[in-house]
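Input: a single structure, listed below in structure tokens.
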Amino acid sequence: MNNIDYKKVKAWPFQEALKLKNRVSKINNKKIVTFETGYGPSGAPHIGTFAEVLRTNMVRNCLEEISDFSTNLITFSDDLDALRKVPEDYPFPDKLKEYIDYPLSMIPDFTEKYESYADRNNNLLKSFLNNFKFDYNFISSTDYYINGKFDQQLLKILDNYESIINIILPTLRKERRESYSPFLPICKKTKKVLQVPIKVVDKKNGVIAYRENNQYKETLVTGGSCKLQWKIDWAMRWSALNIDYEMNGKDLIPSFDLSSQIANFIENKIPSNMSYELFLDEKGEKISKSKGNGLSIDEWLNYGSSESLSLFMYNNPKRAKKLYFDCIPKSMDEYRKLFISLQNQSITKILDNPLWHIHQKNIPTNTYPIDFTNLLNLVTALNTTNNQTIKDFVKIYLKEEINVLDEKELDKIILLSIKYYKNFIFPNISKRKPDIKESQAIKKLLFEIKNLNDEISAEDYQNIVFKVGKEIFPDDLRKWFISLYQILFGSDSGPRLGSFFNVYGKKKVLFLLEDTIK
RNA sequence: GAGCCCGUAGCUCAGCGGUAGAGCAUUCGCCUUUUAAGCGAGGGGCCCUGGGUUCGAAUCCCAGCGGGCUCACCA
């Protein structure tokens, strides 16, 4: 702790943390503050799930900064939930189809790498979180249900069965009301999660009866024999896990309200809450896996750094943001800009700098020495996927020495830029063919270059380009350069040709030029 | 129907009490060689409208108008 006035820090995670601090400070003997994020492992983790963990962790980080509370981040996987639809991104959809209505954790993983289908998805999430070095406690719903860790709350819910059901029923349509039950029995025979009407039999001992084939069968609500319908499940978790803070997408605002009402009949535990806006695609439509629009975590990390992804997630969580490929270079550049601006900032300003939040206050000492968009331009100009060539050109471009640590960062983003170039820039380049006069000039250029020895300096190249230009376009030298750029790169401007040819190498230069006059 | 968010340069957006900003686009200048996918300079704004709070509002509050999304099946 120190004497910074945190109320003056505008960064949203601090404002959330202050709100939370005020709340938990009123609780007697409060020492540990628990944050929860929920995950439904019915498919590979969605970028929204990931954003939620990231953002929650930022609030957690701020709370630690402004208070003496210990903190705990739970990522809760609702893996006892039933599979309802086969996700499109799973490699074995036909095999999965046979397991509709089965608990996710009881479905085999047909990729044969994990213990179950849920385990596979859980591990995908964990690997993303580990990649970002989060400290979290992973909790499997199945584990908690089966090992009786929710029993106390389950009995309490049964005890208040009527009150709770009266909260839910008015929100449902008539047809649904008849089949609705807060308890979903897990069939002893088939292991399916059943959505059937139930009757309360014995509140004290936790016995209910559910209808199957026109007769009622008794079962316990405890010990993993029943799962809770999700809004009740959510409320139950707040009590069972003592949750103090949880975020959710704006689609769940009504559910949060409902779960809060239900919580009054469990242990009255309602977390401090923030709702965030959903991500949209380029056209402004909600991104979803089934549509395949927007971006996945993997796709972003293919073309951009993890820091740039964090930065994107950090910015304005309460605004609906378009998430598509153009966001990546923008975010990469913004990161570097913020990094540079950080260097001379006062402490309060640093707390407002997104980098402080992204790096959980351990801001690295180095970053890449060139803007990503700039690098993309160079890669495009070079039209190569050779790391070393690109790096050499960057060094010429930057002029000054790059220190070893910055160079490491540069290496990383060169790999990213190559992939970005291949997929988004290269397919859109359209070069034009030279006219007769231009062909003549290029032939002349080829002849001159061939006549030189193999070690040609940038200056020599530049001299030749000028020499040929002056001979063939004596009145409009400018046009000669524009023509060359259009023919070589499909653009009206380009890199200084001398240094470009030099880095590119004689053999490739000759090939490039010959290719234009074929 | 209810809720959430957004209306700022031509476009995409940032700023969120103290002189109106960025990127892209546009206009102009710059290649006989000192970074040309670059650099320099410029144009372009009733910050949706109306009220309120304030010494001061793009920013905070209220009302309206316009747009988008979400929920009311499942999670």
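In what follows, every chain begins at residue 1, and chains take the letters A, B, ... in the order their sequences are listed.
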What is the distance from [atom1] of [X] to [atom2] of [N], rounded to the nearest Å?
{"X": "Asp326(A)", "N": "C11(B)", "atom1": "CG", "atom2": "C1'", "answer": "12 Å"}
{"X": "Phe500(A)", "N": "G38(B)", "atom1": "CZ", "atom2": "C1'", "answer": "15 Å"}
{"X": "Ile253(A)", "N": "C71(B)", "atom1": "CD1", "atom2": "P", "answer": "11 Å"}
{"X": "Phe279(A)", "N": "U70(B)", "atom1": "CZ", "atom2": "P", "answer": "15 Å"}
{"X": "Glu277(A)", "N": "C71(B)", "atom1": "CD", "atom2": "C1'", "answer": "13 Å"}
{"X": "Leu172(A)", "N": "C73(B)", "atom1": "CG", "atom2": "P", "answer": "7 Å"}
{"X": "Lys231(A)", "N": "C71(B)", "atom1": "NZ", "atom2": "P", "answer": "11 Å"}
{"X": "Trp234(A)", "N": "C74(B)", "atom1": "CH2", "atom2": "C1'", "answer": "15 Å"}

* Sugar-phosphate only, base, or nothing, as touched by Asp78(A) at under 4.0 Å among non-hydrogen atoms -> sugar-phosphate
* To do: Please work out if Asp333(A) contacts a base, only the sugar-phosphate, or nothing of the nucleic acid, heavy-atom cut-off 4.0 Å.
  => nothing
Considering only atom [atom1], compute the distance from [N] to [M] and round it to an integer number of Å.
{"N": "G40(B)", "M": "C69(B)", "atom1": "P", "answer": "41 Å"}
{"N": "C47(B)", "M": "G7(B)", "atom1": "C1'", "answer": "10 Å"}
{"N": "A9(B)", "M": "C5(B)", "atom1": "C1'", "answer": "23 Å"}
{"N": "G38(B)", "M": "G67(B)", "atom1": "P", "answer": "39 Å"}
{"N": "G18(B)", "M": "A58(B)", "atom1": "P", "answer": "10 Å"}
{"N": "C48(B)", "M": "A14(B)", "atom1": "P", "answer": "13 Å"}
{"N": "A2(B)", "M": "C60(B)", "atom1": "P", "answer": "25 Å"}

* What nucleotide, of C74(B), U70(B), A75(B), holds the atom closest to the side chain of Leu278(A)? -> U70(B)
* **Aromatic contact, Trp356(A) with Phe14(A) (centres under 6.0 Å)** => yes
* To do: May I ask you to check whether Tyr90(A) and Tyr117(A) place their ring centres under 6.0 Å from each other?
  => yes
Give a yes/no on whether any side-chain N or O of [X] is located under 4.0 angstrom from OP1 or OP2 of [N].
{"X": "Arg84(A)", "N": "C73(B)", "result": "no"}
{"X": "Gln195(A)", "N": "C74(B)", "result": "no"}
{"X": "Arg173(A)", "N": "A72(B)", "result": "no"}

* Encode nucleotides 22-35 of chain B as B, S and - characters from 5' to 3', where the letter depends on protein heavy atoms closer than 4.0 Å: B to the base, S only to sugar-phosphate, - to neither. => --------BBBBSB
* Nucleotide-resolved protein contact map, nucleotides 14-19 of chain B, B/S/- at heavy-atom distance under 4.0 Å -> SSBS--
* Asked: Are Trp234(A) and Glu246(A) close enough that some pair of their side-chain heavy atoms sits under 4.5 Å apart?
  -> yes
* So do Leu104(A) and Tyr99(A) actually touch side chain to side chain, heavy atoms under 4.5 Å? -> no
* Pair of N/O donor and acceptor under 3.5 Å linking C69(B) base with Lys250(A) side chain -> yes
* Structure fact -> Arg336(A) meets the salt bridge (charged side-chain N to carboxylate O under 4.0 Å, His left out) criterion, sequence neighbours left out, with Asp371(A)
* Asked: Hey, are Glu178(A) and Lys174(A) close enough for a salt bridge, meaning a charged N less than 4.0 Å from a carboxylate O?
  -> no
* Salt-bridged, Glu277(A) to Arg319(A), with N to O below 4.0 Å? -> no
* To do: Give a yes or no on whether the backbone of Asn273(A) and the side-chain of Lys19(A) come within a donor-acceptor separation of less than 3.5 Å.
  => yes
* Asked: How are the rings of Phe424(A) and Tyr303(A) set relative to one another: parallel (under 30°), tilted (30 to 60°) or perpendicular (over 60°)?
  -> perpendicular
* In Å and rounded to the nearest 0.5 Å, what is the CZ to CG distance from Phe128(A) to Leu54(A)? -> 12.5 Å
* Stepwise, does the side chain to side chain contact (heavy atoms under 4.5 Å, CB included) test hold for Asp78(A) with Tyr39(A)? -> CA-CA 6 Å; Asp78(A) 192 11; Tyr39(A) 169 52; over 6 Å; no
